[in-house]
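One structure is given here, and the rest of the page talks about it.
Computed from heavy atoms alone, side chains included, the values below leave out hydrogens, waters and symmetry copies. Start at 1 and go down the list; that is how both ligands and their atoms are numbered. Sequence positions, counted from 1, serve as the residue numbers for this chain.
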Amino acid sequence: MGETLAETFVSNGHPTTVWNRTPGKVVEGATHAPTAAEAVAASEVVVVCVLDYKAAREVLDPIDLTGKAVVNLTNGTPAHAREFVRGDYLDGGIMAVPQMIGTPEAIVLYSGSRTVFDNYQDTLNVLGQSRFVGEDPGLAALYDLALLSAMYGQFAGAKHALDMVGANRGDFVETLLIPWLTSTMVAIPVLGQSDPQSPDDMQAVAIGNIIEANEDLGLGQPGHLR
Ligand SMILES: NC(=O)c1ccc[n+]([C@@H]2O[C@H](COP(=O)([O-])OP(=O)(O)OC[C@H]3O[C@@H](n4cnc5c(N)ncnc54)[C@H](OP(=O)(O)O)[C@@H]3O)[C@@H](O)[C@H]2O)c1
């Protein structure tokens with residue numbers, strides 16, 4: 001991801017200095033610094049994207065970040081982000097895979113210093129849609145993990161649906177599963193509220209039927225319905 005972020009800054013005309021723990025990852029058009037400290041010294045804005053906050057601390061703890069705008073796009077928890085704050089700090093969550101970076105489909109969430117966001121929004125916008133979600137540095141991570149949780153839950157259900165249809169799959173995904181999931185999105189804003197048109201007792205019967213059908217299919221109890 002870091003490589004793609006750097007390539008995107010370079011291709012949009014932003015002078016970029018890169019550093020990676022293992023040398024040899026080349027970003028065409030960027031300056032390659034021999035150490036993280038030299039990359040930081042060369043830069044007004046420091047964009048960090050490593051595996052986790054432990055790695056980010058290992059890289060940045062020895063470096064004085066006073067007066068630097070630090071934009072940390074490493075995935076972590078809200079607590080990780082709040083504990084990490086250093087320099088003029090903006091935390092971020094990338095809601096995209098590398099292939100989406102630089103397109104309008106990529107959303108990057110930011111929280112923390114409003115000043116850093118306002119000063120560098122034009123630069124950050126080259127990565128995708130920038131969304132500032134609040135001055136609490138943990139908020140971007142909170143929304144990031146909540147969105148990922150919704151995605152993984154949906155994927156678990158969809159994977160289970162595919163296990164159920166098995167050899168009967170045909171064009172089930174294209175003509176039924178995707179349109180069905182898309183149409184059910186309207187229920188999200190009222191989740192948790194009972195709907196007289198779709199009572200909980202009726203839904204409990206349907207869930208019981210799914211469980212029974214799964215036993216008949218030899219699939220065991222679906223984890224996402226427990
Ligand atoms: N890839 C995605 O689809 C995606 C999407 C959204 C968000 N993200 C987030 O972006 C971040 C990076 O993900 P990635 O896909 O780039 O992962 P990755 O391909 O596994 O790369 C991990 C990066 O972290 C560096 N690193 C790991 N441990 C380190 C340490 N102790 N000290 C210094 N550098 C260290 C690695 O350096 P070496 O090259 O030296 O190993 C590498 O540059 C993660 O927080 C991830 O959750 C990724």
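In terms of protein heavy-atom proximity, atom 31 (N) of ligand 1 is nearest to E58 OE1, 3.0 Å.
Inter-residue side-chain proximity for L145 and N75 is flagged as met; some heavy-atom pair is nearer than 4.5 Å.
For atom 3 (O) of ligand 1, a protein heavy-atom neighbour is present inside the 4.0 Å cut-off. Distance remark: protein heavy atom present below 4.0 angstrom from atom 37 (O) of ligand 1.
Proximity of a side-chain donor or acceptor of K68 to a complementary backbone N or O of V40 within less than 3.5 Å is detected. Proximity of a side-chain donor or acceptor of S111 to a complementary backbone N or O of D136 within less than 3.5 Å is detected. No donor-acceptor distance shorter than 3.5 angstrom exists from the side chain of S43 to the backbone of V46, with no hydrogens or angles considered. Put simply, the side chain of T16 never gets that close to the backbone of A30: no donor and acceptor are under 3.5 Å apart.
Against a heavy-atom cut-off of under 4.0 Å, T74 is close to the following atoms of ligand 1: 45 (O). Of all atoms in ligand 1, listed by their number and element, those nearer than 4.0 Å to a heavy atom of T22 are 38 (P), 39 (O), 40 (O), 41 (O). Close approach of ligand 1 to N75 (heavy-atom distance below 4.0 Å) involves ligand atoms 45 (O), 47 (O). Distances below 4.0 Å separate heavy atoms of K25 from the following atoms of ligand 1: 39 (O), 43 (O).
Of the candidates V50, D144, L51, the one placing a heavy atom closest to atom 17 (O) of ligand 1 is L51. For atom 33 (C) of ligand 1, the nearest non-hydrogen atom from the set V59, L148, V97 belongs to V59. Between atom 10 (O) of ligand 1 and the options P98, A96, A36, C49, the minimum heavy-atom separation is to C49. Considering Q99, M1, R21 only, the shortest heavy-atom separation from atom 30 (C) of ligand 1 involves R21.
The proximity of N20 to ligand 1, defined as any non-hydrogen pair under 4.0 Å, is limited to the side chain. At a 4.0 Å heavy-atom cut-off, ligand 1 does not touch K54 at all.
For F132, the ring-ring contact (aromatic ring centres under 6.0 Å, His included) partners two or more places apart in sequence, or in a different chain, are F117.
With no hydrogens or angles considered, a side-chain donor-acceptor pair links S130 and N125 at under 3.5 Å. Between Y110 and Q121, the side chains place no donor N or O within less than 3.5 Å of an acceptor N or O (distance only, hydrogens not considered).
No more than 12 heavy atoms of other residues, nucleotides or ligands lie within 6.0 Å of CZ in R169, so this atom counts as exposed by the packing criterion.
Ligand 1 does not have A56 within reach: every non-hydrogen atom of the residue lies 4.0 Å or more from it.
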